[in-house]
There are 2 protein chains.
Amino acid sequence: MKQFQNEINSLSTSVQAEPAALIMDVIPLIMSYIRSEMRSRRMPGLSIPQFRSLIYLYRHEDASLSQVSEHVGLKLPSTSKMIDALVERKLVIRKTSATDRRFVKLKLSATGEAELAKARRSTETQLAEILSALTPEQQDNIIASLEELRSLFAVKSNRQANTEI
Amino acid sequence: MKQFQNEINSLSTSVQAEPAALIMDVIPLIMSYIRSEMRSRRMPGLSIPQFRSLIYLYRHEDASLSQVSEHVGLKLPSTSKMIDALVERKLVIRKTSATDRRFVKLKLSATGEAELAKARRSTETQLAEILSALTPEQQDNIIASLEELRSLFAVKSNRQANTEI
DNA sequence: TATTGTTATACTCTATAACTATA
DNA sequence: TATAGTTATAGAGTATAACAATA
């Protein structure tokens, strides 16, 4: 029983040396912040997959629905409905491909680009304000760490369909 | 228009120097991994708030429903239903407080503790395997970064109700 | 009256299955 | 036949409002 106790002792949510437990603890916390920011100040009524779709379409004009689906990690029907909402909201333009009429071509509307830019400014301002409590060295550390984590988990998440956010 | 372009140029999801944009990019990615791991190998049918509740109850025996609600960031009715499921699943024991019968006293069952320990081993194994691609220095960097981020966002998320994961 | 928690109800997001249109 | 996408339907998870029980 003593052994068992030791085994689960590092479940502590306040003092952790294990990167794994730390990740399980901190990532949800930050995710929580991102989501609530998104929902309130930023782009009310926009889900995180929708926000990520906009960003993706900013970088990939005329992407297909399947490409967006792949990127945000939703199944095709869910992606279709999600994009529906963006089209209705005039943030995204959906056309049928001329060369292969089975494909959909998606791109940001002018409004979509503007909203996205606004959202980005707002996001960055909020997050930057929070991060300003750190020294430049700490911030550089965080940037390096996140870059490393991204390279690791980008690979992982390609292996299976993911709900992303 | 050139100015506008510059303004949103750092939306790039592949090369970012801004911590804020990086956070928006990487945290959802890792979150995606955590969630899909949770859903598949680990504790099938257990939501992340449920998992976090178990961890919280491991550290805070006889916590009230409100305390759990506060910790996981769900509203009280949602928390009530979520705990319902854990009680039905025999992972959590729910009693009425003897001293103030309005309060609920929640704690892990023996099964709950065992499942949690198992889940933790599984989680740590998977994450540790991923992180093993990094040098010890990089890992230390990540630990330090996450600790810093936690202290920042722990404060933030106390200011408002959060959905956490 | 104030506080703790539950019940009733509705909404959002997601998935699977079945379908349509196009190649 | 195979592929891209949509529609139909259902389930999970959450919120708000109204309520019950206790202090």
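None of the values given here were measured: they were computed from a predicted structure. The chains referred to below are lettered A, B, ... by the order of the sequence lines, with proteins before strands, and numbering in each begins at 1.
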Mind calculating the distance between [atom1] ([X]) and [atom2] ([N]) to the nearest angstrom?
X: A:Leu76; N: C:dA18; atom1: CG; atom2: C1'; result: 14 Å
X: B:Met82; N: D:dG11; atom1: CE; atom2: P; result: 22 Å
X: B:Lys75; N: C:dA10; atom1: NZ; atom2: C1'; result: 17 Å
X: A:Lys95; N: C:dA21; atom1: NZ; atom2: P; result: 23 Å
X: B:Ile83; N: D:dT14; atom1: CD1; atom2: C1'; result: 15 Å
X: B:Glu70; N: C:dT3; atom1: CD; atom2: P; result: 16 Å
X: B:Arg101; N: C:dT3; atom1: CZ; atom2: P; result: 20 Å
X: A:Phe103; N: C:dA21; atom1: CZ; atom2: P; result: 18 Å

Handout entry: Heavy-atom donor-acceptor pair, A:Ser66 side-chain to D:dA4 base, under 3.5 Å
Key =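 Such a pair does not exist between side chain and base.
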Choose from [options] the nucleotide whose nearest atom is closest to any side-chain atom of [X].
X: A:Pro77; options: D:dT7, C:dT22, D:dT22; result: D:dT7
X: A:Leu65; options: D:dG5, C:dT6, C:dT22; result: D:dG5
X: A:Asp100; options: C:dT22, C:dT16, D:dG5; result: C:dT22
X: B:Arg102; options: D:dT6, C:dG5, D:dA21; result: D:dA21

Problem - Euclidean distance, A:Gln126 CD relative to A:Ile130 CD1, rounded to 0.5 Å - result: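 That separation rounds to 6.5 Å.
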Exercise for the section: Find which nucleotide of DNA chain D each of A:Asp84 and B:Gln50 is nearest to by heavy atoms, and output the residue with the more 5' nucleotide. Expected result: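 The answer here is A:Asp84.
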Exercise for the section: Tell me which of A:Lys81 and A:Val104 sits closer to the 5' end of DNA chain D, going by the nucleotide each one is nearest to. Expected result: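 The residue closer to the strand's 5' end, by nearest nucleotide, is A:Val104.
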Is it true that a side-chain atom of [X] and a backbone atom of [Y] form a donor plus acceptor pair closer than 3.5 Å?
X: B:Glu115; Y: B:Gly112; result: no
X: A:Ser53; Y: A:Pro49; result: yes
X: B:Ser97; Y: B:Lys105; result: no

Given [N], is OP1 or OP2 found less than 4.0 Å from the side-chain N or O atoms of [X]?
X: A:Ser78; N: C:dA15; value: yes
X: A:Ser80; N: D:dG5; value: no
X: B:Arg94; N: C:dT4; value: no

Handout entry: Cluster overlap A:Ile93 with A:Leu116, hydrophobic side-chain contacts below 4.5 Å
Key =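 In one cluster: no.
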Problem - Given DNA chain C, 5'-ward residue of the pair A:Thr99 and A:Thr79, judged by closest heavy atom - result: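 On the 5' side of the pair lies A:Thr79.
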